[in-house]
Amino acid sequence: MAHPSIVILTGAGISAESGLGTFRDEGGLWAQHRIEDVATPEGFARNPQLVVDFYNARRAQAAEATPNAAHAALARLQTEHPGDVMLVTQNVDDLHEKAGSPNVVHMHGALNSALCGACDHRWPAPLQMAVGDVCPACAQPRARPDIVWFGEIPYHMDAIERALSQADIFAAIGTSGNVYPAAGFVQLAAHVGALTVEMNLDPSETVALFEDTRPGKASETVPAWVDSILAN
Ligand code: APR
């Protein structure tokens with residue numbers, strides 16, 4: 001196929017070698033914090049300080065992190081592949097952008113973005129947010145991290161589903177396949193006949209749905225995969 005259109009989904013595993021913790025690996029974020037306390041609207045309403053502190057800590061850590069060879073390889077794919085490439089990430093860090101990816105679809109939001117709980121305005125988040133920060137648009141003290149919490153609707157789903165319906169290749173990288181709708185993308189791609197490939201340290205929950213599985217560390221499997229795509 002001359003210029004296959006490619007949809008890529010990344011998860012926390014692609015940032016693991018950059019020092020950012022994953023969620024469900026041994027000792028991961030969900031072993032340290034209760035999801036209902038730090039990643040739900042109810043948790044934020046109950047104890048906004050705990051939630052703001054949680055994302056301030058992750059934002060500070062992400063600010064210090066550097067992209068690894070997997071992020072760099074995907075940026076190279078996006079700039080050198082003549083066909084369409086959509087990079088969708090579940091991650092809220094900006095390592096894809098730091099690696100030079102020209103556009104990144106953050107379906108779960110982003111640490112470097114702030115959201116107004118009153119008027120939906122978004123603006124660049126300060127490194128450390130505080131409870132009651134005021135919205136620059138409506139001046140109400142309703143700023144919150146621009147993160148899609150459990151129970152909320154992921155961003156950009158129309159564009160993602162449109163790209164999946166036209167995909168020739170779908171690649172999932174560093175994600176455990178535990179959280180929908182992202183975990184269902186492989187089925188949408190397979191349904192239209194796309195070649196599906198998983199690059200993950202351990203087999204994901206949805207590994208059986210992928211035609212091609214390449215176990216290993218993303219910093220090794222992803223550059224090799226990108227080389228194989230660009231060689232065609
Ligand atoms: N290289 C490749 N894969 C890795 C590496 C690595 N170096 N290290 C870990 N992994 C894999 C693990 O095997 C695991 O399958 O990355 C995956 C990480 O899975 P999760 O911790 O569940 O992260 P993710 O799939 O991104 O979680 C999805 O859940 O909590 C929500 O919103 C949160 O976006 C997150 C979503």
Side-chain angles (χ1 to χ4, degrees), residues 8-44 51 54-55 57-59 61-62 65-74 87-96 99 104-113 115 144-157 160 170-187 196-210 212-226:
I8 299 159
L9 171 71
T10 63
I14 199 170
S15 297
E17 291 164 87
S18 296
L20 298 185
T22 62
F23 294 95
R24 295 173 182 84
D25 287 326
E26 188 69 30
L29 283 168
W30 295 151
Q32 303 162 43
H33 307 272
R34 284 169 10 115
I35 287 178
E36 53 272 31
D37 289 342
V38 295
T40 62
E42 297 78 12
F44 182 63
V51 176
F54 175 66
Y55 289 100
R58 292 183 64 197
R59 190 174 304 105
Q61 202 191 17
T66 50
N68 62 60
H71 298 103
L74 295 184
L87 176 56
V88 182
T89 187
Q90 299 170 94
N91 300 339
V92 293
D93 62 60
D94 60 350
L95 292 179
H96 285 303
V104 185
V105 178
H106 282 274
M107 65 179 290
H108 289 168
L111 288 167
N112 56 22
S113 175
L115 170 66
R144 57 165 273 189
D146 186 12
I147 302 290
V148 178
W149 287 325
F150 285 91
E152 296 183 324
I153 311 289
Y155 298 154
H156 310 296
M157 285 305 296
I160 294 168
F170 172 70
I173 302 168
T175 181
S176 64
N178 272 292
V179 176
Y180 287 79
F185 290 173
V186 57
Q187 282 155 306
T196 53
V197 53
E198 173 178 282
M199 286 164 266
N200 215 51
L201 190 59
D202 307 315
S204 74
E205 292 294 310
T206 52
V207 66
L209 301 175
F210 287 84
D212 179 9
T213 56
R214 303 180 181 206
K217 296 192 326 187
S219 64
E220 292 161 12
T221 57
V222 178
W225 175 70
V226 168

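Order of appearance sets the numbers: ligands from 1, and atoms from 1 within every ligand. Residue numbers start at 1 and run along the sequence shown.
The salt bridge (charged side-chain N to carboxylate O under 4.0 Å, His left out) search around Glu220 returns none, not counting sequence neighbours. Partners of Arg214 under the salt bridge (charged side-chain N to carboxylate O under 4.0 Å, His left out) rule, at least two apart in sequence or in another chain, are Asp212.
The shortest side-chain heavy-atom distance between Val226 and Leu74 falls under the 4.5 Å cut-off. Using a 4.5 Å cut-off on side-chain heavy atoms (C-beta onward), Val148 and Ile153 make no contact.
Contact residues of ligand 1 (protein heavy atom closer than 4.0 angstrom to a ligand atom; sorted by chain and number): Gly11, Ala12, Gly13, Ala16, Glu17, Thr22, Phe23, Arg24, Asp25, Trp30, Gln90, His108, Phe150, Gly174, Thr175, Ser176, Val179, Asn200, Leu201, Asp202, Gly216, Lys217, Ala218.
Ser15 and Asp93 share a side-chain donor-acceptor pair at under 3.5 Å.
Legend: side chain to side chain donor-acceptor pair (under 3.5 Å) pairs involving residues 23-32, not counting sequence neighbours, sorted by first then second residue: Thr22-Asp25.
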